[in-house]
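Have a look at the structure below before the remarks.
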Amino acid sequence: MDKPTTPKLSRRSVFAAAGGAGALAAVTTALPRAPAEAVASTAAKPAAEKAGGYQETQHVLRYYQTTRV
């Protein structure tokens, strides 16, 4: 039986893959973002007097918006 051959990793294939990844990154940055209707529709809840836990503030919502892919 013939032994199956494995593809060699060459410099040319590495640079081709890097170029493809760069092109994909350029396309994803050029695409329009999703509308921020979901963020705008959430109303901020009034803070309780002794609330020391998690609060969804404008700063937190803006952070969530920047982390979307």
Side-chain angles (χ1 to χ4, degrees):
M1 240 201 262
D2 291 333
K3 203 175 203 182
T5 59
T6 58
K8 286 188 172 184
L9 185 64
S10 67
R11 222 180 319 169
R12 181 177 288 178
S13 62
V14 170
F15 283 123
L24 181 62
V27 167
T28 56
T29 57
L31 289 176
R33 301 268 182 201
E37 293 173 9
V39 174
S41 66
T42 6
K45 297 177 183 176
E49 287 182 22
K50 294 185 178 183
Y54 175 81
Q55 296 176 0
E56 258 188 19
T57 60
Q58 282 298 105
H59 178 327
V60 173
L61 294 175
R62 189 201 265 134
Y63 172 75
Y64 289 155
Q65 186 178 11
T66 60
T67 58
R68 290 187 185 145
V69 176

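Please read these numbers as outputs of a predicted model, since none were measured by experiment.
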query = In this structure, are over 12 heavy atoms from other groups packed under 6.0 Å from Tyr54 atom OH?
reply = yes
note = The reported gap from NE2 in His59 to CZ in Arg62 (rounded to nearest 0.5 angstrom) is 7.5 Å
key: Connected hydrophobic set around Val14, excluding itself, where side chains approach under 4.5 Å   = Leu9
message = With side chain to side chain contact (heavy atoms under 4.5 Å, CB included) as the criterion, how do Val60 and Gln55 come out once you've worked through the C-alpha distance, each side chain's angles and the decisive distance to 0.1 Å?
response = CA-CA 8 Å; Val60 173; Gln55 296 176 0; over 6 Å; no
